[in-house]
Structure formats: C-alpha cells, structure tokens
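Here the structure is laid out as structure tokens; the discussion comes afterwards.
By convention in this document, chain letters (A, B, ...) are assigned in the order of the sequence lines, proteins followed by strands, and residues within each chain are numbered from 1.
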Amino acid sequence: MNNEVDNREQKKLVGVLGQFDDAHTLVHACEALRDSGVKKMDAYTPYPVHGIEKAIGIPRTILPWIVLSIAAGGLCIGLGMQWYTNATTQLLPFWSGYEFRISGKPMFSLPANIPVTFEVIVLSSAFASFFGMLVLNGLPKLANPLHRIPRFKRVTNDKFFLMVDVGDDKFDASQLRNNFSDWGATDVEEVFQDQTDWKLPAFLKTFAVLALVLMLVPPALIFRARGMTYTGTRLHVVPDMDWQVKFKTQTEGPLANNNTTTEFFFQDIRAQFDDLPGTVSRSDQSGDSEFFKGIRTGSDLHSSHTTPAVLASNQEETAQEETTATTEATAADEPDWVTTIPSQVKVDRDTVLRGQRQYNIYCAVCHGYSGEGNGLANNRAVALSTSGESAWTEAKSLYDPTVIDQPVGRIYDTITNGRSTMGPYATRIKPEDRWAIVLYVKALQKTRKTAVSKTTEDNSAGDKKDSGK
Amino acid sequence: MAITVDNLTNNTFEDPSRRAPLITGGLDNEGVTEVVADLAEAPSPPRIWWVLLAVSAALTTMLGGLILLLIFKGVGVWGNNNPVYWGWPIVNFVFWVGIGHAGTLISAILFLFRQHWRTSINRAAEAMTIFAVVCAGMFPGIHIGRVWVFYWLFPIPSEHLAMWPNFRSPLLWDVFAVSTYFTVSLLFWYMGMVPDLATFRDRSTSKIKKFMYGLFSLGWSGSARHWHRYEVAYTILAALATPLVLSVHTIVSFDFAVSIIPGWHTTIFPPYFVAGAIFSGFAMVVTLLVPMRALFNLKHVITVRHIENMNKIIMVTGMMVGLAYTIEFFIAWYSSNPFELFAFQNRAFGPFWWAYLAMFTCNVFVPQLFWFKKIRTSMIMSVIVGIGVNIGMWFERFVIVMTLNRGFLPSSWSYFRPTWVDIGMFVGSFGLFMFLFLLFCRFLPVIAISEVKGTLAFQKHMALAGGYSEDGDH
C-alpha cells in the first residue's frame with residue numbers, strides 16, 4: 001500500500017493483489033478462487049508453475065496453429081521463390097526470373113531445392129512463434145500498474161502473486177482480502193492505476209517531433225533529385241561492374257602524361273601490352289586481300305566465309321547436310337582465288353621447311369604426315385564413328401581429285417576459315433605461316449603428280465614459283 | 001540470503017534410491033536469483049575480467065584492422081592460391097560454426113528430451129553459439145571479394161543487378177542455413193532471456209540499467225497466461241531448432257561433399273560433420289564454463305555433475321568422429337578408386353601428415369581419458385581435454401581443406417602456406433569471441449534463472465516423493 005505516488009484522486013482501482021510465498025499455496029488459492037466463481041484473475045510467478053493453467057482455467061493457446069499456417073506459407077514461398085527465379089522466364093513483367101541451366105540438370109528438381117525450402121520454413125515459423133507469442137501476450141507493454149508496486153518486484157525473484165481484476169462480476173475488495181488471507185496469502189493490497197502515468201515526458205515529445213522532421217529530409221531530397229535534370233556524372237552508391245575503371249584495348253592510359261602510378265596499369269602506361277610472340281593479330285588484316293584472304297584484288301569480293309561446323313558434331317545428319325550445302329554454294333560462286341603465292345612470302349627452302357613444321361604441328365593430327373588423311377585423331381574418330389559413339393567426317397586426303405588442283409588461294413582460305421567440318425585456324429596460325437603451309441601442301445601434292453626424280457630436282461632448285469595450278 | 005557456504009555435495013554419484021541433486025549448496029529461489037544477479041550488480045567485476053577484456057579488445061581491434069586491410073587490398077592478402085583456393089578462411093568458418101552447435105543442442109535437443117541438467121548451462125552455451133556464429137559468418141562474408149555488395153548473396157530483386165542466385169548451389173544453401181541458424185539462435189536466446197532480464201530490471205537501481213533492462217524485458221510481468229504461451233512458443237522453437245542444428249552442419253558439409261573432389265565427395269560427410277560439431281562445441285562449453293563457474297562463484301548452479309555430463313558427451317562424440325576417420329579410409333580402399341585412395345594417403349602420409357597426426361591424437365585419443373571418473377570430474381583436466389579437442393577439431397577442417405594441395409594434376413601440386421594476415425585473423429576471431437563473451441558475463445543473466453527455479457521446483461517435488469536427495473534443497 002505504499003504506492004510511490006500518493007494522490008488517490010488521480011487513481012483508479014484495478015484489482016486486488018495477494019502475495020504468496022510458494023507455488024503450492026498459490027495453486028490452491030487459484031483453485032479456491034475459481035470455485036468461488038471468479039473468472040477475471042491472473043497469477044504472477046517467477047517461473048512457469050505447472051498445473052496453474054488448469055487452476056486458473058487458461059485455455060490452450062492457438063499459437064501452434066498460427067505457427068503451422070505461417071510454416072505452410074514459408075513452404076510455398078521457399079519453393080515458389082526458387083521455381084520463379086531459376087525455372088521460369090518472363091513470367092512477370094518486372095524482376096523476372098530466367099531459366100538457370102546447371103550442368104544439363106532439370107530446371108526445377110525438388111531434391112536440390114529442399115535445403116533452401118527447409119531453411120525458409122524454419123525461419124518463418126521461428127519468427128511466427130516468437131512474435132506470435134509476443135502479440136498474443138500483448139507484449140511489449142510499456143506501462144503496467146503492477147510494476148508500480150514495490151512488493152511486486154519480487155515476482156521475478158521468489159514470490160508468487162494472484163490478482164483479481166476489478167472488472168469481474170464477483171469483485172468485492174474486502175471479501176477478497178479476507179479470502180486471500182484465509183488461503184495463505186502473506187500480504188494483500190489493492191492495485192491502482194495512476195492516471196498521470198499516461199502523460200509522456202516532455203523531452204520525448206520534442207524528440208518525436210524532431211525525428212519526424214528529420215525523417216522527411218531524405219524523401220524530400222530524393223523527390224527533388226527526381227524532378228530535376230542533372231548533367232554531372234552518375235552517382236553510384238555501389239560501384240558496379242557496369243561502371244568499372246578500365247580502358248579499351250589499344251588506347252593510351254590516362255596517366256600517360258603524369259608518370260606517377262605504376263601500380264594499376266602496365267609499366268609504360270599503355271592500356272595494353274604489345275603483341276606477345278606467337279599471338280595472331282586479327283585487327284589489321286584488311287587491305288591486302290591477296291595476302292590476307294587469298295582472293296585477287298579487284299575481283300568481286302565474294303568471300304567464301306563459311307561458318308565452320310562443330311568438328312565432332314553429335315548430329316551426324318546436320319553435319320552432312322551442311323557439308324553438301326557448302327559444296328554446292330562454293331561450286332556456284334567461287335571467288336577469284338589467287339593462283340600464285342603472294343609476293344610478301346619468300347618462296348624458298350626455309351619457307352617450305354617452316355611450312356612442314358607448322359603442318360606437322362597443326363594439320364598432321366588429322367590429315368596425316370603424308371597428307372593422305374590418315375592422321376591419328378582422324379583414325380580414332382573414324383573408329384568411334386563406326387561404332388556409333390560419335391559422328392565424324394573423314395579428313396580429306398590432300399591428293400583427293402577435288403583438292404589436288406585447287407588454287408593456292410583456296411587452300412589458304414581453307415586454313416583461315418575452315419571448310420565444312422574442318423575448323424578455322426585464323427586465330428592460331430599467322431598469315432605468313434599459313435602461306436608457308438600452303439607451300440608445303442603444294443609440295444606434297446606435287447610428289448603425287450610428277451615422277452620422283454623431277455620433284456627432287458625442283459626441290460633442290462628451290463623454284464616453287466609455279467606451284468599454282 | 002539463502003546462500004550457504006557448506007562444502008559442495010558430490011552430486012556425481014547416482015544412488016538408485018535417491019537421485020543426486022542438480023543444484024547444490026541449499027540454494028532456494030532467492031538464492032539462485034542472487035547468485036546470478038551478483039555478477040551484474042557487483043560494483044566492479046574481478047580484476048581478471050578486466051585483464052581478459054583488455055586483451056580481447058586489443059585482438060578485436062587487430063581483427064578489425066586486418067579486415068580493413070583485406071577490403072582495401074583484396075583477398076590476395078591471404079595465402080589462398082592454386083590449388084588450395086579456400087585456405088584458412090573456410091577452415092575457420094567450419095570450425096566456428098561447429099562450435100556453435102553445442103549451444104543449440106543443449107538448449108533445444110536436451111530440452112525436448114527433458115534433460116533437467118541443461119538449465120544451468122543453456123544460457124551460456126547459447127551465448128557461445130551466437131558469438132561463435134558471428135565469428136563464423138565473418139569469414140565467408142569477407143571472402144566474397146567485394147564486401148560492399150554482400151547482399152547479392154540473397155535473392156533480393158533489383159533492376160540493377162538483374163540476377164538471381166543459383167538455388168542449386170551448396171554455397172547458396174550455406175548462406176540460407178547459416179543466416180537462418182543465426183537468426184533462430186538469437187531469437188531463442190533472447191526469448192529465454194526475457195524473464196531473466198525482467199529479474200534484472202526489477203533489481204537494478206541505476207537509471208540507465210533500469211531503462212535498458214526494462215526496454216529489453218518488454219514489460220514482462222510473469223503472468224500465468226504469458227507463461228503458458230511462452231512455454232508453448234519455447235517448445236516450438238526447440239522443435240524447430242533441433243532439425244535446424246542438424247541441417248546446418250549437414251549443409252556446411254555439402255560445401256565439400258557435393259563437389260566431385262576425391263576425399264570430399266562422400267556421403268559420410270554430413271553425419272561426421274554433425275558429430276564433430278557437437279564434439280567441438282561441448283569442448284568449448286566446458287572450456288568456458290569451468291573458469292566461469294570458478295570466477296563468478298557459480299559452483300552451486302553449474303556443478304561438477306554438469307561438467308561430467310558434458311565430458312561424457314565429448315567422449316561419445318569423440319568416438320563417433322574416430323569411427324568416421326577410420327571408415328573413411330576403409331571406404332577409400334574399398335572403392336578401388338585410385339584417386340580416392342590417394343587423397344586419403346595424402347592426408348595421412350602426405351606433406352600435411354603432422355596436421356593429420358595432431359587431429360587424430362587430439363580428437364580420438366585424448367578424449368579417451370574421460371573413461372576415468374577421476375579425470376572427467378577434475379576441472380583442470382576437463383579444460384585441458386577441452387582445449388585439446390578444439391585444437392584437434394580445427395586441424396580436422398585444416399586437413400580436409402589443405403590436402404587439396406595434391407590434385408589430379410601433379411604439375412600443380414604445392415604446399416599451402418598461410419600469410420601473417422591468415423594467422424592474425426584467426427587469432428583475432430578468438431579475441432572477438434572472448435570480447436563478446438566477457439561482455440555477456442558482465443551484463444546479461446549468464447544462467448537461465450527462471451528455468452533453474454523450475455528445475456528446483458522439480459527437484460523439490462521429487463524429493464518429497466523420495467526421488468531426489470534432500471542435499472540439494474533445504
């Protein structure tokens with residue numbers, strides 16, 4: 001009864017509170033109270049006292065059902081999210097998912113989606129049980145008249161309390177006082193609600209107003225920015241890959257004039273290194289058509305570019321279809337191939353030897369060292385295709401009637417751009433070396449056209465000028 | 001004050017006619033409250049607390065500095081490189097996540113099994129879980145390269161990135177598993193603490209403490225209706241946390257097992273990881289609680305019996321881990337896969353043989369000491385074995401990750417060497433862990449006060465029925 005504030009006028013009776021020293025007496029008091037017809041009562045204990053639910057008549061909470069339904073929602077959201085983002089395309093006009101193909105596995109396969117679904121279920125139901133408990137309990141509760149009573153502080157320590165609400169039909173303060181004492185209460189008192197409690201402290205009001213005003217500032221700034229044009233560089237909170245610090249190839253770095261930073265770019269402040277030995281430049285292969293393409297300058301530049309088919313395509317039929325299609329096309333409108341080796345290439349023994357070396361590196365695996373089309377890779381692929389394990393078009397013999405008389409330009413083109421199922425070598429062999437290979441191929445072909453003695457003679461003379469048709 | 005200073009009753013012997021008490025020293029409800037609240041209410045904590053706090057704060061600062069270095073310089077400050085790309089960060093990650101598991105096991109699984117002894121240790125163990133997961137989550141978090149876009153890990157719709165995570169990747173499962181684990185553990189921990197924070201609120205005298213404890217205890221009044229829903233919610237959370245804790249280390253093991261690397265691609269990984277996690281976690285709990293109970297005068301609440309029970313679990317899980325190590329070798333041989341066999345030979349006899357030896361000794365042989373009752377009830381020995389087990393468990397992850405050093409291509413075989421940053425961060429993570437734990441000891445209820453009172457009530461009830469020894473309860 002020694003309430004902190006003593007202004008009785010301002011106070012409203014809330015209930016009668018009895019204090020008990022142990023759980024047993026409390027439970028008995030609860031039962032007795034309930035027998036006397038009181039309904040609006042509650043016990044306060046330092047730990048959950050078992051059996052008290054029954055004594056007071058607390059119905060079983062619906063919390064488990066709430067959690068169950070949220071868990072079901074979590075299941076749908078977890079699965080749906082994975083299905084939407086990884087297995088659908090353009091289902092919604094915004095934030096659309098896309099088909100996410102991983103190692104040829106199905107787009108949506110339950111086993112792989114279980115872990116994430118499980119975690120989403122657990123997370124959502126954990127939130128549901130915690131916050132559900134709080135909401136059902138009416139917590140957090142900022143003010144409670146009970147906390148004003150000094151004695152009640154021991155409820156979280158070792159004392160037990162029982163309170164009857166003033167709103168109960170059977171409420172009668174003096175009667176209850178007597179009853180409580182009879183049932184073993186060590187102390188009984190009336191609980192009042194202090195009406196002045198409702199007033200917020202003044203500083204809180206100022207604080208709230210200030211916070212509200214400050215909260216309006218960011219949206220105001222955003223709206224302002226949206227409504228005006230801005231010519232400066234874009235602001236990026238998170239520097240993204242779309243806007244990374246970089247320089248295009250073959251340009252000068254911006255630091256060329258102030259030779260200070262060596263950390264970020266190449267030593268000589270270029271944005272790119274010189275060509276490394278062995279790399280094939282493709283950017284400056286225009287202009288000299290005879291040298292770079294094997295086609296006569298001035299002629300109708302009808303390039304014979306054919307998209308090289310995949311070498312060991314799995315679909316034999318398609319491969320063959322393409323082959324025939326290309327052959328027809330090339331027969332119909334052949335470009336004007338050069339028939340002599342361009343002047344940039346020196347036709348001598350060294351070049352032929354270089355051609356031989358390059359041929360042995362790049363071509364012999366399929367066409368064989370002697371050019372008969374019996375290279376190891378070819379033989380193996382043929383064996384595999386006979387047993388039906390893959391599809392393969394045999395590498396042509398270089399002495400094939402369709403090949404043996406081809407102009408040098410066309411062979412050069414075959415190497416550069418590939419021919420039907422043979423792949424292109426433009427990125428791997430330099431133009432000079434391609435011509436050297438052509439020269440070597442022509443030399444090989446000559447061995448089958450002329451008598452042995454003649455070829456030897458030609459070779460030693462080093463005269464290959466006539467290696468055209 | 002109902003704290004009596006009589007000698008500790010030996011509550012580690014089980015007499016079939018009278019169960020040994022879990023709370024000793026004749027503590028009653030008020031006594032329990034006071035023992036726990038004393039830590040937070042003492043005007044100044046013991047000097048050793050300050051010393052440890054200073055050391056751990058220094059280490060935490062160092063960790064912060066190293067993280068900044070990593071962010072500014074890039075992941076290259078670590079020793080991670082071909083062929084061991086994951087290096088120490090993943091070793092530390094798995095190590096810390098594993099530590100966390102004991103806390104959830106104690107708070108959830110033992111709760112579902114009605115193990116009353118858990119009430120004295122669950123709060124501290126859960127705190128340990130949270131702090132360990134903080135340390136764990138940090139490592140992959142800073143390993144992602146561009147730390148400032150960490151949120152790309154989550155499926156957050158953004159027009160800007162216009163990309164979704166790959167939901168079939170174990171690494172993504174890991175993101176979900178660890179973040180869910182952290183959140184649920186935090187909720188569980190906090191919810192358990194609400195009534196105890198209310199106790200602190202009702203006892204505190206200073207204005208700041210009153211306000212802070214008042215705020216976080218959410219106006220808890222101990223109403224029977226509240227307790228009813230609270231208990232239901234607590235049981236549901238325990239039921240959720242139980243499969244969760246098993247799933248977390250399972251998914252962590254998927255990071256390895258779903259790949260097709262010899263030595264990693266094995267179905268034994270999930271159970272073996274989970275057993276290892278519980279093993280290391282309990283070792284850590286023992287290592288922390290033994291000094292804590294001595295320093296903060298908690299001997300009557302965290303009794304020898306509690307420590308002994310945990311030591312028994314350590315021994316059991318240690319043998320499970322040992323079995324897994326042996327079976328792995330058998331399966332490698334039985335598979336007749338030369339690469340698999342090589343991977344295991346490389347673990348035990350390759351350049352990292354010393355780590356394998358450390359792992360095997362610490363994890364399989366050292367816990368065997370607990371067969372002796374003298375040793376498992378000796379506080380000093382418990383700590384020594386606990387530390388040994390944690391060294392062993394760190395090396396276990398080390399062995400699994402580092403022995404990638406010999407892959408399919410002998411030309412790229414090499415030896416992994418950590419940089420000083422690797423070592424600094426690992427030490428620093430211990431600093432962070434200790435720092436958080438020390439703050440917890442000083443400012444929060446280290447024992448689940450209300451749950452211990454419930455256990456006391458149960459103990460009393462059993463004593464009346466002739467089941468429990470009266471020693472624990474006058």
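The nearest pair of heavy atoms linking B/Pro195 to A/Thr156 is O-CG2, 4.5 Å. In terms of heavy atoms, B/Pro165 sits closest to A/Asn86 at O-ND2, 3.2 Å. Here the closest heavy-atom approach between residue B/Ala224 and residue A/Asp42 is recorded as N-OD1, 3.3 Å. Shown here for A/Ser109 and B/Arg168, the closest heavy-atom pair between the two residues is OG-CD, 4.3 Å. In plain terms, the two heavy atoms of B/Arg229 and A/Asn137 that are nearest each other are NH1-OD1, 2.7 Å. Heavy-atom minimum distance, A/Leu139 versus B/Leu218: CD2-O, 3.4 Å.
More than 12 heavy atoms of other residues, nucleotides or ligands shown are found within 6.0 angstrom of CG on A/Leu204. Other residues, nucleotides and ligands contribute over 12 non-hydrogen atoms within 6.0 Å of the CZ atom of B/Phe154. Summarising the local packing, CG of A/Leu92 is surrounded by more than 12 heavy atoms from other residues, nucleotides or ligands at distances under 6.0 Å. Other residues, nucleotides and ligands contribute only 12 or fewer heavy atoms inside 6.0 Å of the CZ atom of B/Phe216.
Looking at heavy atoms from C-beta onward, A/Arg154 lies out of side-chain contact with B/Asp202 at the 4.5 angstrom threshold. Using a 4.5 Å heavy-atom threshold, the side chains of A/Arg60 and B/Val232 count as touching. Annotation: side chain of A/Leu123 is not in contact with side chain of B/Phe176 (no heavy-atom distance under 4.5 Å). Contact of the A/Trp83 side chain with the B/Phe167 side chain is not registered, since no non-hydrogen atoms from C-beta on lie closer than 4.5 Å. Considering only heavy atoms from C-beta on, B/Ile236 stays 4.5 Å or farther from A/Met133 through its side chain. In this structure, the side chains of B/Thr33 and A/Asp158 stay at 4.5 Å or more apart for every pair of heavy atoms.
For B/Ile251, the part lying under 4.5 angstrom from a heavy atom of chain A is the side chain only. Only the side chain of A/Phe118 comes within less than 4.5 Å of a heavy atom in chain B; its backbone stays farther off. Neither the backbone nor the side chain of A/Ile121 comes within contact range of chain B; no heavy atoms are under 4.5 Å apart. Residue contact with chain A, scored on non-hydrogen atoms closer than 4.5 Å, involves the side chain of B/Trp227 exclusively.
Between chain B and the residues A/Lys159, A/Lys141, A/Lys105, A/Met163, the largest count of heavy-atom pairs under 4.5 Å involves A/Lys141. When each of B/Leu172, B/Leu237, B/Leu244 is scored by its heavy-atom pairs under 4.5 Å with chain A, the top score falls to B/Leu244. Counting heavy-atom pairs closer than 4.5 Å to chain A, the top-ranked of the candidates B/Arg225, B/Met191, B/Glu451 is B/Arg225. When each of A/Val67, A/Ile58, A/Thr85 is scored by its heavy-atom pairs under 4.5 Å with chain B, the top score falls to A/Thr85. For the set A/Val155, A/Leu63, A/Leu136, the entry with the most heavy-atom pairs within less than 4.5 Å of chain B is A/Leu136. In terms of heavy-atom pairs under 4.5 Å with chain A, the best-connected choice from B/Pro243, B/Gly214, B/Ala241 is B/Pro243. Chosen from B/Ala177, B/Pro155, B/Gly454, the residue pairing most often with chain A at heavy-atom distances under 4.5 Å is B/Ala177. The choice from B/Ser223, B/Gly219, B/Ser169 that makes the most heavy-atom pairs within less than 4.5 Å of chain A is B/Ser223.
Atom CD1 of A/Ile102 is separated from atom CG of B/Asn166 by 4.0 Å, given to the nearest 0.5 angstrom. Here A/Thr61 contributes atom OG1 and B/Glu231 contributes atom CD; the two are 12.0 Å apart, rounded to the nearest 0.5 Å. Note: B/Leu240 CG to A/Phe130 CZ = 14.0 Å, rounded to the nearest 0.5 Å. Here the CZ atom belonging to A/Phe161 is positioned 11.5 Å from the OG atom belonging to B/Ser221, to the nearest 0.5 angstrom.
Checked by atom type and distance alone, the side chain of A/Tyr98 pairs as donor or acceptor with a backbone atom of B/Trp164 at under 3.5 Å.
Scanning residues 44-56 of chain A against chain B with a 4.5 Å heavy-atom cutoff picks out A/Tyr44, A/Thr45, A/Pro46, A/Tyr47, A/Pro48, A/His50, A/Ile52, A/Glu53, A/Ile56, ordered by number.
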